[in-house]
Amino acid sequence: MSISYNHREIEDKWTKRWAEHPVNVKDDKKKKYYCLDMFPYPSGNGLHVGHWRGYVISDVWSRYKMMQGYHIIHPMGWDAFGLPAENYAIKMGVHPAKSTAENVANIKRQIQQIAAVYDWDLEVNTTDPNYYKWTQWIFVKMFKEGLAYEKEMPINWCPSCKTGLANEEVVNGKCERCGADVTKKNLRQWMLKITAYADRLLNDLDKLDWPEKVKKMQTDWIGKSHGAEVDFLVADQNGEKTEKKITVYTTRPDTLHGATFMVLAPEHELAKDLATDETRAAVEDYIYQSSLKSSVDRLQDKEKTGVFTGSYCINPLNGAKVPIWLSDYVLADYGTGAIMCVPAHDDRDFEFAKKFNIPIIQVIAKDGKEIENMTEAYTQASGIMIHSGEWDGMESSVLKKEAPKMIEDMGIGRATTNYKLRDWVFSRQRYWGEPIPIIHCEKCGAVPVPEEELPVLLPEVESYQPTGTGESPLADIKDWVNTKCPCCGGPAKRETNTMPQWAGSSWYFLRYVDNKNENELVSREKADTYLPVDMYIGGVEHAVLHLLYSRFYTKFLYDIGVVGFDEPFKKLFNQGMITGKNGIKMSKSKGNVVSPDDLVRDYGCDSLRLYELFVGPPELDSEWDDRGIDGVYRFLNRFWNLVTENKDKNAAETKELVKLRHKLVHDITQRLTSFSLNTVISGFMEYNNKLLELSKKGGVDVETLKTFVRLLAPFAPHISEELWEQLNQGSESVGSVFDAGWPEYDEAAMADDEKEVAVQINGKTRAVVTLPVDVSKEDAIAAGKEAVSDKLTGTIVKEIYVPGRIINIVQK
RNA sequence: GCGGAUGUGGCGGAAUGGCAGACGCAUCAGACUCAAAAUCUGACGGGGGCGACCUCGUGUGGGUUCAAGUCCCACCAUCCGCACCA
């Protein structure tokens with residue numbers, strides 16, 4: 001046998017045929033299935049084989065659903081605003097719109113090589129004014145609902161990108177995009193009040209069929225905790241209570257009696273006031289030094305620093321006099337920016353107390369005892385309370401839950417919940433993004449651009465260069481900036497900040513299904529018909545950013561009645577990354593990028609699709625090895641030969657073939673529906689090898705071949721269509737294999753008459769016997785003993801028979 | 001530090017608690033060929049034996065079980081996420 005499969009000819013033929021007769025046609029009688037890819041950023045580097053994987057997985061799944069009789073929504077578009085295009089524009093002196101358009105054209109060509117069933121009529125591009133009109137519209141709606149607000153505050157600032165960043169965009173104190181150390185900068189910012197949705201974003205995770213890992217990451221990011229705020233009054237020089245109050249937040253109110261000091265963040269509003277004449281110089285110096293530290297420094301300086309303010313406050317529970325310190329290990333923007341410190345039961349407080357010689361009072365007995373010479377904090381909330389006044393004798397875990405209520409009843413504080421989630425810093429001081437549709441008027445304040453005047457077009461500009469001053473390049477375009485107030489008609493200025501990259505990608509899945517609608521973001525009817533997304537496929541790198549923002553947007557749009565669902569993505573699948581040798585991420589600078597273009601030319605689209613899946617489990621990272629593609633290419637050749645040699649033979653449909661056929665359908669369907677796509681491919685190879693054996697013996701019947709072709713179709717669509725056509729030569733109208741339905745299997749038809757059963761002695765296999773499936777336990781064991789009779793030398797103590805699998809004879 | 005994932009031949013990987021290494025890559029041998037490529041056939045974890053066979057073996061150490069890659073406990077390594085959130 002030799003190579004007779006001509007992938008180029010076949011793939012060209014079917015590319016043309018499908019262009020003329022699309023296989024996924026809209027049909028209102030069918031149920032919809034929305035299978036979505038995370039849309040790409042059209043980078044100038046083009047696609048590598050790693051990008052292919054997610055698209056192949058989603059296409060296989062779409063085609064499978066299509067064969068099951070669904071009408072598939074399977075769109076593709078471009079997330080095209082953002083820094084790389086802008087940086088490229090700055091470097092090359094071309095308008096980012098131009099380079100973006102070129103990149104889109106190139107990536108679209110590459111994506112079309114995958115031969116996925118994308119419906120290109122649904123295409124969207126976030127930089128298209130007809131698209132970002134609605135990105136702006138959502139912002140206006142949020143503004144009107146009080147969810148978008150302005151605030152002057154110290155924000156994360158990337159000195160390299162020269163723009164502010166959201167918390168989510170700071171990774172280990174570095175810029176998510178460029179890796180530069182993030183600093184703080186005081187800037188007027190637009191914020192989105194995502195915290196108003198914290199509880200819903202947390203609770204609704206339960207509804208989602210998502211990887212646990214992603215749910216966990218979002219849960220941790222939202223970071224809800226229960227505890228209490230406790231009010232401490234500042235003491236005067238005589239140790240008497242004053243009116244001045246400092247509120248702390250704690251999740252361990254049970255340890256309140258053990259609070260031996262208090263720490264305020266250096267940025268706390270009372271920090272300076274608490275200094276005395278003796279401490280003022282040191283306190284002010286500490287506050288100043290802290291303000292200079294970048295967030296990286298603050299993270300890396302694990303050694304505790306601090307300064308005593310000279311002031312004390314009174315523990316409201318036991319009247320103890322508690323010294324007040326400042327330290328940068330307390331965060332200004334979480335809780336109240338002040339904490340009570342219980343060194344006996346908190347690692348950080350312990351470390352601080354040791355360093356500054358502050359007393360340590362144990363209030364929870366560990367193993368029923370008070371610890372002598374504590375060397376580390378006892379942080380578990382389990383044990384009996386000691387040194388705790390009337391709380392003595394209570395169980396700490398119980399008290400921890402009840403204390404907030406008790407504190408509230410005593411009038412010294414209140415039960416509270418807190419979140420790590422912060423509001424979303426939404427403005428960027430860059431050019432290539434959606435202008436924020438706000439007009440600033442001296443008289444009327446911030447006024448949204450009237451909805452009928454949207455979109456606010458991104459103006460042409462001389463220089464895209466970020467200014468670095470905290471102003472966007474748009475600020476230089478005076479005749480754009482100066483405008484009239486929509487409210488009073490007086491002179492006013494446009495907002496010159498733009499939106500972050502995430503703005504356009506937070507709702508694009510809605511626009512696909514109604515991408516030409518000029519009057520609405522999406523018609524309610526279409527949204528109700530086609531959404532939410534049934535299956536969302538993409539990389540895990542968006543676990544918090546994009547996926548959290550999209551959920552927030554969807555919930556907002558649900559609240560204002562635009563859509564009728566409050567979670568956008570029912571099911572999520574994260575494909576693993578394809579890396580170069582030794583697990584190194586493919587990148588231009590590493591020189592290990594494998595382009596799909598050559599592989600498609602040499603092996604064909606179908607082979608590359610199969611190999612993308614065969615390379616490893618889809619949810620795990622896999623190392624790319626070019627040589628491996630030969631294996632799937634050989635398989636397709638052998639399958640081609642199997643079908644073409646048998647299609648006209650009219651071989652009889654033997655019992656063996658029927659059984660094999662049903663098993664094939666069963667195995668492939670099982671593996672496919674459990675997303676074990678690599679073993680689907682090995683299953684195809686295995687069954688192909690078996691059929692080739694049978695082909696040599698007496699031939700393979702056409703029904704079996706047709707069944708195999710249908711199963712293979714979602715994976716290798718071109719060769720399957722071609723063989724389907726050949727197998728149906730002579731029938732009235734052949735039709736596409738994708739209209740042929742997904743094959744079904746019959747358990748009864750798969751059943752074997754007899755099975756090979758391993759015979760073990762003390763758990764070690766010594767023989768194999770073939771037994772009828774309905775053999776009795778006694779007969780099975782008898783047959784087993786017979787097969788190993790020469791090795792049965794001891795006393796038999798136990799006999800195990802697992803039907804169809806194993807006989808184990810235990811002897812002493 | 002906390003949390004999660006992973007660990008199986010030369011390599012990628014497969015195994016509802018039931019014959020470890022399916023399927024493929026690479027390698028070796030054979031067939032075909034003047035030859036090479038392609039294709040086809042076969043071998044392919046380690047050690048031992050002429051031999052049918054024996055024995056060890058799924059990161060390490062224990063445990064549960066008739067039976068463990070799989071379940072439990074304690075470690076080790078690698079990768080990922082979070083990281084002073086009180």
Side-chain angles (χ1 to χ4, degrees), chain A residues 1-4 171-173 211-214 216-217 219-221 223-225 227 248-253 255 263 265 298-299 301-304 327-331 333-342 345-349 351-352 379 418-422 540-541 543-544 576-577 581 583 610-611 614-617 619-632 634-635 637-638 641 670-671 676 678-689 692 756-768 797-811:
Chain A
M1 251 187 262
S2 60
I3 297 268
S4 44
V171 179
N172 293 328
E212 286 307 317
K213 176 187 166 125
V214 176
K216 178 98 184 15
M217 282 169 73
T219 303
D220 290 350
W221 192 262
K224 184 175 186 175
S225 68
V248 300
Y249 172 69
T250 179
T251 56
R252 292 297 302 278
T255 63
V263 176
R298 228 164 133 153
L299 278 176
D301 292 352
K302 289 286 181 181
E303 178 80 8
K304 298 269 181 293
S327 174
D328 66 4
Y329 83 90
V330 173
L331 304 176
D333 59 347
Y334 179 79
T336 61
I339 60 170
M340 67 172 210
C341 299
V342 185
H345 303 288
D346 181 279
D347 291 327
R348 298 151 302 186
D349 300 346
E351 190 192 331
F352 195 87
T379 57
N418 249 312
Y419 301 88
K420 291 188 193 174
L421 184 70
R422 311 291 149 92
V540 74
E541 66 273 17
V544 260
M577 205 181 12
K581 261 264 151 284
L610 292 188
Y611 188 56
F614 188 59
V615 71
E619 70 281 5
L620 299 182
D621 291 353
S622 298
E623 281 180 31
W624 188 263
D625 179 358
D626 261 346
R627 290 176 301 189
I629 197 172
D630 285 312
V632 292
R634 285 176 197 141
F635 155 68
N637 274 290
R638 285 194 284 253
N641 291 335
Q670 284 269 291
R671 294 173 191 191
S676 180
N678 53 328
T679 63
V680 169
I681 310 303
S682 41
F684 281 138
M685 292 171 168
E686 212 173 330
Y687 278 96
N688 188 48
N689 291 343
L692 283 165
E756 290 194 341
V757 177
V759 184
Q760 301 183 333
I761 296 173
N762 295 348
K764 293 194 171 163
T765 303
R766 299 296 174 194
V768 175
V797 290
K798 200 162 189 178
E799 294 165 341
I800 313 276
Y801 172 55
V802 181
R805 291 207 175 266
I806 214 141
I807 294 163
N808 192 7
I809 294 157
V810 186
Q811 68 175 11

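Labels below follow one simple rule: chain letters A, B, ... track the order of the sequence lines, proteins then strands, and each chain is numbered from 1.
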Asks: Taking atom C1' in both A14(B) and G3(B), compute the distance separating them and give it to the nearest angstrom.
Replies: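 Pairwise C1' distance, A14(B) against G3(B), rounds to 30 Å.
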Asks: G69(B) and G18(B): how far apart are their C1' atoms, nearest whole angstrom?
Replies: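 Pairwise C1' distance, G69(B) against G18(B), rounds to 13 Å.
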Asks: From the list C23(B), C40(B), C25(B), which nucleotide is the closest neighbour of the side chain of Arg627(A)?
Replies: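 Of all the options, the side chain of Arg627(A) is nearest to C25(B).
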Asks: Looking just at side-chain N and O atoms, do Thr679(A) and Ser682(A) make a donor-acceptor pair shorter than 3.5 Å?
Replies: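 The criterion, which ignores hydrogens and geometry beyond distance, is not satisfied for Ser682(A) and Thr679(A).
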Asks: Counting side-chain heavy atoms from CB outward, which of A83(B), C19(B), A86(B) is closest to Asn172(A)?
Replies: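 Of A83(B), C19(B), A86(B), A83(B) is nearest to the side chain of Asn172(A).
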Asks: Output the single nucleotide from C19(B), A86(B), G3(B) whose closest atom is nearest the side chain of Lys216(A).
Replies: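 Nearest to the side-chain atoms of Lys216(A), counting from C-beta on, is G3(B).
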Asks: Assign G9(B) to syn or anti; the rule is syn for a glycosidic angle within 90° of 0 and anti otherwise.
Replies: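 This nucleotide is in syn.
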Asks: If you check the Asn808(A) side chain, which of U16(B), A67(B), C19(B) turns out closest?
Replies: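 Within the option list, the nearest is A67(B).
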Asks: Could you check whether the rings of Tyr249(A) and Tyr334(A) sit parallel, tilted or perpendicular, using 30° and 60° as the cut-offs?
Replies: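 Because their plane-to-plane angle is over 60°, the rings of Tyr249(A) and Tyr334(A) count as perpendicular.
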Asks: Counting heavy atoms from C-beta on, name the nucleotide in A86(B), G81(B), A83(B) closest to the side chain of Tyr334(A).
Replies: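 Given the options A86(B), G81(B), A83(B), the side chain of Tyr334(A) is closest to A86(B).
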Asks: Using the P atoms only, state how far A68(B) lies from G51(B), rounded to an integer number of Å.
Replies: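 Taking atom P in both G51(B) and A68(B), they lie 30 Å apart.
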Asks: Taking only N and O in the side chain of Asn689(A), is any of them less than 4.0 Å away from OP1 or OP2 of G24(B)?
Replies: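 True: Asn689(A) side-chain N/O within range (under 4.0 Å) of G24(B) OP1/OP2.
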Asks: Go through U55(B), G24(B), A86(B) for me and flag the one nearest to the Tyr249(A) side chain.
Replies: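 In terms of side-chain proximity for Tyr249(A), the closest of U55(B), G24(B), A86(B) is A86(B).
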Asks: Between A86(B), G24(B), A15(B), which one does the side chain of Thr679(A) approach most closely?
Replies: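 Output: A15(B).
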Asks: Considering only the P atoms, how many Å lie between G10(B) and G59(B), rounded to the nearest integer?
Replies: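 Roughly 14 Å separates the two P atoms.
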Asks: The side chain of Val768(A) lies closest to which of these nucleotides: A67(B), C82(B), C19(B)?
Replies: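 The answer is C19(B), which lies nearest to the side chain.
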Asks: Is G1(B) paired to anything, Watson-Crick or G-U wobble with both distances less than 3.5 Å, and if yes, which nucleotide?
Replies: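 Matched G1(B) with C82(B) under the 3.5 Å cut-off.
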Asks: Considering only the P atoms, how many Å lie between C23(B) and C40(B), rounded to the nearest integer?
Replies: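 About 15 Å, rounded to a whole number of Å.
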Asks: Salt bridge or not for Arg252(A) and Asp346(A), using N-O below 4.0 Å?
Replies: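 So Arg252(A) does not pair with Asp346(A) through a salt bridge.
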Asks: Checking contacts here: which listed nucleotide (A86(B), G18(B), C23(B)) is nearest the side-chain heavy atoms of Met685(A)?
Replies: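 Nearest to the side-chain atoms of Met685(A), counting from C-beta on, is C23(B).
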Asks: Report which part of the nucleic acid Ser225(A) touches: base, sugar-phosphate, or nothing (heavy-atom distance under 4.0 Å, all strands).
Replies: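 Sugar-phosphate only.
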Asks: Answer yes if the ring centres of Trp624(A) and Tyr611(A) are under 6.0 angstrom apart, and no otherwise.
Replies: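 Under 6.0 Å, so yes.
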Asks: Confirm from the modelled atom types if Lys304(A) and C84(B) form a donor-acceptor pair under 3.5 Å, side chain to base only.
Replies: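 In this structure, the two groups form a donor-acceptor pair.
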Asks: On RNA chain B, compare the nucleotides closest to Val810(A) and Arg671(A); which residue's is nearer the 5' end?
Replies: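 It is Arg671(A), whose closest nucleotide lies nearer the 5' terminus.
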Asks: Of the listed nucleotides (C19(B), A86(B), A67(B)), which one gets closest to any side-chain atom of Thr250(A)?
Replies: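 So the nucleotide nearest the side chain must be A86(B).
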Asks: Quick one: label Lys420(A) by what it contacts on the DNA or RNA (base, sugar-phosphate, nothing), any heavy atom closer than 4.0 Å.
Replies: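 The residue Lys420(A) makes base contact.
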Asks: Establish, for the pair Lys304(A) and Tyr329(A), whether the NZ or CZ atom is under 6.0 angstrom from the six-membered ring centre and no further than 45 degrees off its axis.
Replies: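 Cation-pi check for Lys304(A) and Tyr329(A): passes.
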